[in-house]
Each structure stands twice: as structure tokens, then as C-alpha cells.
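As the structure is a prediction and not an experimental result, all values here were calculated from the model. Counting convention: from 1, in listed order, for ligands and their atoms alike. Sequence positions, counted from 1, serve as the residue numbers for this chain.
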Amino acid sequence: MSFKAGFVALIGKPNTGKSTLLNALLSQKVAITTPKPQTTRDNIRGILTLDDAQIIFIDTPGIHKSKGRLNATMVKRAYDAVSDVDVILLLVDVSKPWNKGDEIIFESIKDIKKPKFLVINKVDKVTKQELLEYLSNLNQDDFDEIIPLSALKSRNITELVDTIKQYLPEDVQYYPSDMISDYPDSFMFAEIVREKIMMATDEEVPHSIAVQTEEITRKPNVVYVRVAIVVEKSSQKAIIIGRNGSMIKKISTAAREELEERLNSKVFLETFVRVEPDWRNRPSQLQEFGYWDSVKDE
Ligand SMILES: Nc1nc2c(ncn2[C@@H]2O[C@H](COP(=O)(O)OP(=O)(O)OP(=O)(O)O)[C@@H](O)[C@H]2O)c(=O)[nH]1
Ligand SMILES: [Mg+2]
């Protein structure tokens with residue numbers, strides 16, 4: 001039996017469900033997801049190993065037009081991801097009309113000579129009729145495959161995987177079979193805390209935070225984790241801490257519970273909040289938080 005292996009990028013506007021799809025493909029949480037746009041900030045690899053194939057999916061930040069250096073890094077990462085893959089998946093949200101944002105992304109990949117799939121996500125949100133209307137407005141020749149699915153309800157995921165396999169080259173396995181992702185625990189622990197803050201706060205706060213894991217110490221009966229939450233203004237620090245510390249307590253409890261389940265161990269999670277004015281635009285801070293990969297200053 002021949003073995004196939006290759007890389008697949010998931011790109012699209014923010015909030016189209018790229019990270020939810022990555023998690024559905026791997027049947028576990030590898031990337032955080034929230035109802036708020038611009039959740040993902042890094043290219044996150046998820047490795048699916050099957051009997052006859054290994055597919056490395058790359059989840060990317062949503063491509064959008066906001067200002068600032070953090071946003072520039074995020075968008076650059078998404079565009080960078082498509083250059084090194086065997087298949088490109090463009091995700092759209094079927095419950096929203098195809099618009100300029102989708103068009104800009106499509107234009108950027110349309111001349112790339114690689115298999116391109118249009119993944120029409122969130123079909124659980126529309127009627128069959130609405131899906132057919134969405135499909136009838138597309139130029140079907142623009143894509144090698146068009147696959148409607150629901151990442152959230154895990155509908156049509158196997159069909160997507162089977163179709164991808166047809167486009168992958170014969171190759172050897174890149175990663176060990178038990179490897180699901182390639183990032184360290186420190187990354188995911190910080191992401192889990194960031195997810196809980198994004199879920200619990202509104203307006204500019206979810207996008208003004210960075211979270212860093214500063215310590216992980218594994219003891220026989222408990223894992224001690226310390227994370228720093230960085231905000232841009234003291235008003236944001238006050239929101240995250242909340243009245244009598246109620247907000248930070250809620251965030252920390254939710255994060256700790258998820259970490260305990262993930263690690264199958266008791267976790268002691270210590271969080272603290274510090275203000276670093278305008279960190280999202282300052283190269284040294286962006287570098288410190290891992291959000292500065294050679295973005296050119298314009
Ligand atoms: N109803 C429904 N909701 C979905 C589906 N897929 C994703 N969502 C929801 O859409 C929201 C955004 O999902 P994400 O996976 O974080 O979206 P994303 O494309 O990774 O967003 P960014 O990281 O910001 O670019 C979340 O609330 C998801 O639960 C789906 O198939 N159906
Ligand atoms: Mg995402």
C-alpha cells in the first residue's frame with residue numbers, strides 16, 4: 001500500500017471556523033477557538049496520522065485589514081503558510097454572503113499552481129436551499145474541490161480528509177504517529193488562558209492581551225503553572241482583575257479546569273496581570289511574545 005504525506009493550509013477571514021475545523025480534523029483541541037474574530041495569532045500545526053497517510057494541517061490567523069504591527073504579523077503568517085503546502089483550503093462561512101474580504105483572499109491565491117479547495121463551513125446554520133443558493137453564486141471552476149461541511153458538528157470531515165488524500169504526493173511520514181502538534185506545552189497553556197480572557201471580556205480587551213507562560217513545574221501530585229497576562233492600559237488591567245478579583249478568579253478557574261483535564265493532574269495556576277503600554281506596536285515586546293517574525297516596517 002502506498003503512503004501519502006503532505007501539508008495543508010487553512011486560510012480565510014477571521015471567524016470562519018479554521019481553528020474549529022483543525023480541532024475537528026484531529027478530534028481534539030489543538031487550537032483555541034472563540035466567537036470573536038482574530039483569535040488565532042500563530043500558524044498552528046496539527047498532525048493527522050492515518051494508516052495510509054499523514055496530513056499536516058496548518059491553521060492560520062484570519063486574514064483581515066486592521067492596522068498595527070500585531071495584525072500585520074498575523075496576516076503575514078497566514079499568507080506565508082500557503083507557500084509551503086500541497087493543498088490550500090479557503091474557508092468561508094456560509095451564513096454570511098461572500099464579500100470583499102473573501103474576494104481579497106481568493107485573489108491572493110488564485111494564481112498559485114496548487115490544488116485549492118473551497119471549504120464552505122457552518123452548513124448547520126443554513127437551510128439546504130440557502131446552501132444551494134450560496135453554491136449557485138460561485139464560479140465552480142475557481143476551485144479544484146468545493147466541500148460544504150460543519151466543523152462544529154463534525155459533519156463531512158471524513159469526506160474532506162479523503163478528498164485531500166487524493167491530492168497528496170506519495171511520501172514518507174514526517175512526524176511520529178503519536179505526535180498531534182509541534183508546539184511546546186508552554187504555548188498551549190498560555191493560549192488556554194488567552195481563550196478564557198477572550199471569552200470573558202468585550203470590545204478591545206480580548207485583542208489587547210498577550211499571555212506568556214513563565215513557569216511549568218511538575219511535582220508528583222500537582223503541576224504548578226505561572227502565566228503573565230499583559231495588557232496595554234491600566235483600565236484593561238482593572239477589567240481583567242474585576243471587582244474584588246472576581247474576573248481574574250473566573251478566568252483562572254476556567255483555565256485551571258481545562259489544564260487539569262488536559263494533564264490529568266491537579267494544577268496550581270498562578271496568574272498575574274501587568275501593563276505594557278502599546279505592546280502591540282512595539283517591536284521588542286512583539287518579539288518577546290513571539291509575534292514579530294521579520295515583519296517589515298512600512
Ligand atoms: N454553527 C457553527 N459555528 C461554527 C462552526 N465552525 C466554527 N464555528 C464557530 O465560529 C466561531 C469562530 O470559530 P474559530 O474556529 O475560532 O474561527 P477562526 O476562523 O479560527 O477565527 P480566527 O482565529 O479569528 O481567524 C466560534 O464561535 C465557533 O464555534 C460551524 O461549523 N458551525
Ligand atoms: Mg482561529
Under 4.0 Å from a heavy atom of Gly62: give me the atoms of ligand 1 that qualify, with their elements. 25 (O)

Test of proximity, Leu152 against ligand 1: N or O pairs below 3.5 Å: yes

Look only at the side chain of Asn99 and the backbone of Gly101, and say whether a donor-acceptor pair between them is shorter than 3.5 Å. yes

Close approach, Pro37 and ligand 1, non-hydrogen under 4.0 angstrom: yes

Give the atom numbers and elements of ligand 1 that come within less than 4.0 Å of a heavy atom of Gln38. 24 (O)

With the Mg ion (ligand 2) at the apex, how many degrees lie between OG of Ser19 and OG1 of Thr40, rounded to 10 degrees? 90°

As a check for students: among Leu21, Thr40, Asn23, identify the option with a heavy atom nearest to atom 23 (O) of ligand 1. Thr40

Counting each atom of ligand 1 from 1 as listed, which ones have a heavy atom of Lys125 under 4.0 Å away? 1 (N)

For Val123, is at least one N or O under 3.5 Å away from an N or O on ligand 1? no

Do me a favour and list the nearest non-hydrogen protein atom to atom 27 (O) of ligand 1 with residue, atom name and distance? Pro35 CA, 3.3 Å

Any nitrogen or oxygen of Pro61, main chain or side chain, under 3.5 Å from a nitrogen or oxygen of ligand 1? no

Identity and separation of the nearest protein heavy atom to atom 11 (C) of ligand 1: Asn15 OD1, 3.4 Å

Considering both backbone and side-chain atoms of Ser19, is one of its nitrogen or oxygen atoms within less than 3.5 Å of a nitrogen or oxygen in ligand 1? yes

Closest candidate by heavy atom, reference atom 26 (C) of ligand 1, pool Thr39, Thr34, Thr33: Thr34

Taking only Lys NZ, Arg NE, NH1 and NH2, and the carboxylate oxygens of Asp or Glu, determine whether Asp80 and Arg77 approach each other closer than 4.0 Å. no

Polar contact flag for Thr20 and ligand 1 (N/O pairs, less than 3.5 Å): yes

With ring centroids as reference points, do Phe143 and Phe106 lie under 6.0 angstrom apart? yes

Stepwise, does the side-chain contact (heavy atoms from CB on, under 4.5 Å) test hold for Lys36 with Asp202? CA-CA 9 Å; Lys36 298 183 175 114; Asp202 287 312; 4.1 Å; yes

Is any NZ, NE, NH1 or NH2 atom of the basic residue among Lys196 and Glu258 found under 4.0 Å from an Asp or Glu carboxylate oxygen of the other? yes

Just distances here: any N/O of Ser150 and N/O of ligand 1 closer than 3.5 Å? yes

Salt bridge present between Glu103 and Lys100 (N-O < 4.0 angstrom): no

Please check this pair: side chain of Lys116 against backbone of Ile112, looking for a donor-acceptor N/O pair closer than 3.5 Å. yes

Taking the basic N atoms (NZ, or NE/NH1/NH2) and the acidic carboxylate oxygens, is any pair closer than 4.0 Å for Glu214 and Arg274? yes

At what distance is the nearest protein heavy atom to atom 8 (N) of ligand 1, and which residue and atom is it? Lys122 CE, 3.6 Å

So, do Phe57 and Phe7 have ring centers that fall under 6.0 Å from each other? no

Could you check atom 19 (O) of ligand 1 against the protein and tell me its nearest heavy-atom contact, residue, atom and distance included? Lys18 NZ, 2.7 Å

How far is atom 6 (N) of ligand 1 from its nearest protein heavy atom, and which residue and atom is that? Asn121 ND2, 3.1 Å

Among all protein heavy atoms, pick out the one at the shortest distance from atom 17 (O) of ligand 1; state its residue, atom name and that distance to 0.1 Å. Gly17 N, 3.1 Å

I'd like to know if Arg262 pairs up with Asp185 as an ion pair, taking the criterion as any Lys NZ or Arg NE/NH1/NH2 lying under 4.0 Å from an Asp or Glu carboxylate oxygen. no

So does Asp52 pair up with Lys4, basic N to acidic O under 4.0 Å? no

Test side-chain contact (heavy atoms from CB on, under 4.5 Å) applied to Tyr167 and Asp144, Asp86, Val8, the passing residue: Asp144

Residue selection (non-hydrogen contact nearest atom 32 (N) of ligand 1) among Val126, Asp124, Leu10: Asp124

